[in-house]
Protein chains: 2
Amino acid sequence: MKRSITLKDIALHFNVSISTVSKALNDSHDISIALKAKIKEYARSNNYRPNPYARNLRKKDNRTIGVVIPNILNYFFAQVFSGIEKVANENGYNLISCISNESLAKEKNTIEILERGLVSGLLISLSEGTEKSGDYEHLKSFADNGIPIVMFDRVTDLVACDKVIIDDFNGAFEATTHLIRTGCKNIAIISPLDNLNIGKQRLKGYLTALEKNGLPPNPNLIIKIFEEELFEAEVRALLTRNRVDGILGLEEFSAINAMKIAMSLGYEIPEDLSIIGFTNGQLPQYVSPRITSVSQHGKFIGEQATHKLIQRIENNKEDSMEEFSTQKLKTSLVIRESTKPLNF
Amino acid sequence: MKRSITLKDIALHFNVSISTVSKALNDSHDISIALKAKIKEYARSNNYRPNPYARNLRKKDNRTIGVVIPNILNYFFAQVFSGIEKVANENGYNLISCISNESLAKEKNTIEILERGLVSGLLISLSEGTEKSGDYEHLKSFADNGIPIVMFDRVTDLVACDKVIIDDFNGAFEATTHLIRTGCKNIAIISPLDNLNIGKQRLKGYLTALEKNGLPPNPNLIIKIFEEELFEAEVRALLTRNRVDGILGLEEFSAINAMKIAMSLGYEIPEDLSIIGFTNGQLPQYVSPRITSVSQHGKFIGEQATHKLIQRIENNKEDSMEEFSTQKLKTSLVIRESTKPLNF
DNA sequence: CTGAAAGCGCTAACAT
DNA sequence: ATGTTAGCGCTTTCAG
């Protein structure tokens, strides 16, 4: 690597001390306006950039945020990531990003690397493996170091930190209520997320909606998928052995794939069967019929989480210990063609 | 941040010097086996991790790769990214990632930040703004620093570095040839990518396929889209004012959206109109009819580019100047329902 | 085999 | 208003 210009070089050029240059560049009031101007001008035209490693060695302020995401091929997380990137960039932060690939081991490994001062804050959505195992020691230890964490979407009560989540309970509650209002009586729920807290919350929202409307829950209509390969068989069985006139899919693919299966079995959508899916990505808008979806506003979640983290990082310095907060974002139901119209 | 254990702490504990500990941990032959074992054991059990900033200040080896991607919401780039992440992780490299958002200004800014020694290598796919402007100074300057660059997918001849691309010409050539073989005579091409080199290559492949099969090119069937808002109007005009029996869409959305428009105009797919699209994401498999696609093997591109970069980084040290290479990956045509069967 | 010392580039007391 | 100095944590000669 070609040697790049340092404070020393500038100091030599002006025949002043290194600290003078440092202060000038940091716009200190100590330095005369004239000198500051000259030094800054010279620095700019010589394309001076402080060495980030040297700076971080001194200050515990490296303007870098660690991001851990379970799976970037998931459109929701890609949306969140784009929100994170936007806000980080606006505030002059870099991102070190890792994909945990839904694995506890990889998540732990990643966190350990970041822990040694590589980042001044962490944004994380828990991997499925982590939630399943219930092992949060790596995160607790990270938080103990005093580096702020903001969890988003997939969070746990067992780690004390700020959180940004969607109202999973209400999202499912509203979706189920919508199905009921449009005339569905036998509503199934398909959950590939039962290892995750968000999956459990959504299930509760579904059950509560049924209850409030006087519909008894039917265990045969509650399908938990733990292995992707079993999806087709389970849904096929659901649709052939039971009377079903509504389906709530807890993530993007469960709704879409269930719809494909139902159509292949001769169901008319939405006349015979209404479908709503969580996550409003590209897919639900492109299939036909277009699928009514619970929108999770992924980009906004990313933006909010990053704002909170940066605020926490910058306040941390001033030692004003603020209480941890959990921001719960509303979902919205985007009504399309896979559900019947409301009948007043 | 809680103070984490340093070489000094270990040295104090064993009453030896810091340099002894450093050497022991680096497995130097200078240190006695016994001492090394004790020190290593102590370090491990106290969870010692070298401070990455301090280390990098000394050595120009930071095991960090910069990644610049035009748009993470694009499924192809998400795939590439997952390939990059996998290989980087396997080799113990961290990723600093940035999204250029198709903007030259943002790309420049990003590169400048990374330039000052933050990363020991760069993976980049050019933003549309950059290709359009033809301004590659930021990349040339980056390369001049001696930090290796590997460009993928969207590359330019004007910067000397390693490249990993797909065979865009042949991908389009084969797709067009397939349309011709299945009986299409009036094949249109829809290109929202004409600002990009890959778009131009694909157009050439299309034209060459027509020529080789004795079909004269028709300028009315060559649609270049420079503003997304105009897409619908242009395609609608294409389909109403001309006889068209085949469409080649140069990226995912152009094929899908064109198909929607054609269907709304009463075209039967593939009987009246055959469609092939570049990029094999989720969408082409989920719409109906499912769309025949040119698969670009995004994850593989990411893996290959990262392998090459790491190899370059590690060889750089040994100063063995190897020639820059361009690896051109084959595309493959995934045949689905939007094209007619081959008639033998 | 082990240690002392210098220095990477920068910041921040503490002089002057 | 400017300079001196010490030191962040680590590696690396060079001496013992």
Side-chain angles (χ1 to χ4, degrees), chain A residues 1-40 42-43 46-64 113 115-120 145-146 317, chain B residues 1-40 42-43 46-64 113 115-118 120 145 317:
Chain A
M1 197 170 80
K2 210 174 54 182
R3 219 182 73 77
S4 41
I5 184 173
T6 70
L7 290 187
K8 198 175 175 179
D9 300 323
I10 303 181
L12 244 40
H13 178 259
F14 285 104
N15 228 324
V16 295
S17 76
I18 293 175
S19 62
T20 301
V21 178
S22 170
K23 285 178 199 163
L25 259 18
N26 288 308
D27 212 21
S28 157
H29 278 286
D30 280 356
I31 310 295
S32 70
I33 311 267
L35 221 206
K36 273 202 283 197
K38 276 200 294 182
I39 290 182
K40 281 184 176 178
Y42 183 79
N46 284 73
N47 202 17
Y48 168 79
R49 300 255 150 189
N51 178 319
Y53 293 96
R55 156 173 277 161
N56 184 252
L57 196 51
R58 288 288 312 179
K59 326 217 298 172
K60 286 304 162 212
D61 161 27
N62 52 14
R63 300 234 137 213
T64 301
I113 292 169
E115 192 163 6
R116 204 43 51 140
L118 247 193
V119 296
S120 34
N145 280 329
K317 293 180 208 157
Chain B
M1 196 170 82
K2 209 173 58 183
R3 220 180 71 77
S4 41
I5 183 173
T6 69
L7 289 186
K8 197 175 179 180
D9 301 322
I10 303 181
L12 244 40
H13 178 261
F14 285 106
N15 228 323
V16 294
S17 76
I18 293 176
S19 57
T20 302
V21 178
S22 170
K23 285 179 198 163
L25 259 18
N26 287 309
D27 213 22
S28 157
H29 278 285
D30 280 356
I31 310 294
S32 69
I33 311 268
L35 220 206
K36 272 202 283 197
K38 276 202 291 183
I39 290 181
K40 281 182 175 177
Y42 183 80
N46 284 73
N47 201 18
Y48 168 79
R49 300 250 152 191
N51 178 318
Y53 292 96
R55 157 172 278 161
N56 184 253
L57 196 50
R58 289 288 315 189
K59 326 219 295 175
K60 288 302 164 216
D61 161 27
N62 53 14
R63 299 232 137 216
T64 301
I113 292 170
E115 192 163 6
R116 203 45 48 139
L118 247 192
S120 32
N145 280 328
K317 292 180 208 158

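We name chains A, B, ... by the order of the sequence lines, and we start the count at 1 in each one.
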To the nearest angstrom, the CG-C1' distance between A/N26 and C/dC10 comes to 10 Å
Residues passing the side chain to side chain donor-acceptor pair (under 3.5 Å) test with A/K38, sequence neighbours excluded, are none
Regarding the side chain of A/S19, the nearest nucleotide among D/dT11, D/dG3, C/dG9 is D/dG3
Looking only at side-chain N and O atoms, does B/R55 come under 4.0 Å of OP1 or OP2 in D/dG9? no
B/N15 CG to C/dA4 P, in whole Å, measures 11 Å
Axis-to-axis angle across the helix from C/dC1-D/dG16 to C/dT16-D/dA1, five pairs each end, nearest 10 degrees, ~ 50°
Among C/dT2, D/dT2, D/dC10, the one nearest any side-chain atom of B/L7 is D/dC10
Just to be sure I understand the rule, does A/S32 reach a base, reach only the sugar-phosphate, or reach nothing, if contact means heavy atoms closer than 4.0 Å?
sugar-phosphate
- prompt: Would one find a side-chain N or O of A/Y48 under 4.0 angstrom from OP1 or OP2 of C/dG9?
  reply: no
Next on the checklist: Taking only side-chain N and O atoms of A/N51, does any of them lie within less than 4.0 angstrom of OP1 or OP2 on C/dC8?
Outcome noted: no
To the nearest angstrom, the CD1-P distance between A/I18 and D/dA1 comes to 22 Å
Testing D/dT2, C/dC8, D/dT11 for proximity to the side chain of A/K8, the answer is C/dC8
Review point. Side-chain N or O of B/S17 less than 4.0 angstrom from OP1 or OP2 on C/dG3?
Key: yes
**Q.** Any B/S22 side-chain nitrogen or oxygen under 4.0 Å from OP1 or OP2 of D/dC10
**A.** no
Closer than 4.0 Å, any side-chain N/O of B/R58 to the OP1 or OP2 of D/dG9?
no
**Asked** When you check the phosphate oxygens OP1 and OP2 of C/dG3, does a side-chain N or O of B/T20 lie under 4.0 Å from one of them?
**Response** yes
Comparing B/I33 with B/A54, nearest DNA chain C nucleotide closer to 5' gives the residue B/I33
Residues at least two apart in sequence or cross-chain that pass ring pair (Phe, Tyr, Trp, His ring centres under 6.0 Å) with B/Y48, listed by chain then number, are none
Requested in this report: Would you kindly say whether B/S17 and B/T20 are connected by a side-chain donor-acceptor distance under 3.5 Å?
Outcome: yes
note: A/K23, atom NZ; C/dC10, atom P; distance rounded to Å ~ 16 Å
(Q) At 4.0 Å (heavy atoms only), tell me whether A/F14 reaches a base, stays on the sugar-phosphate, or touches nothing. (A) nothing
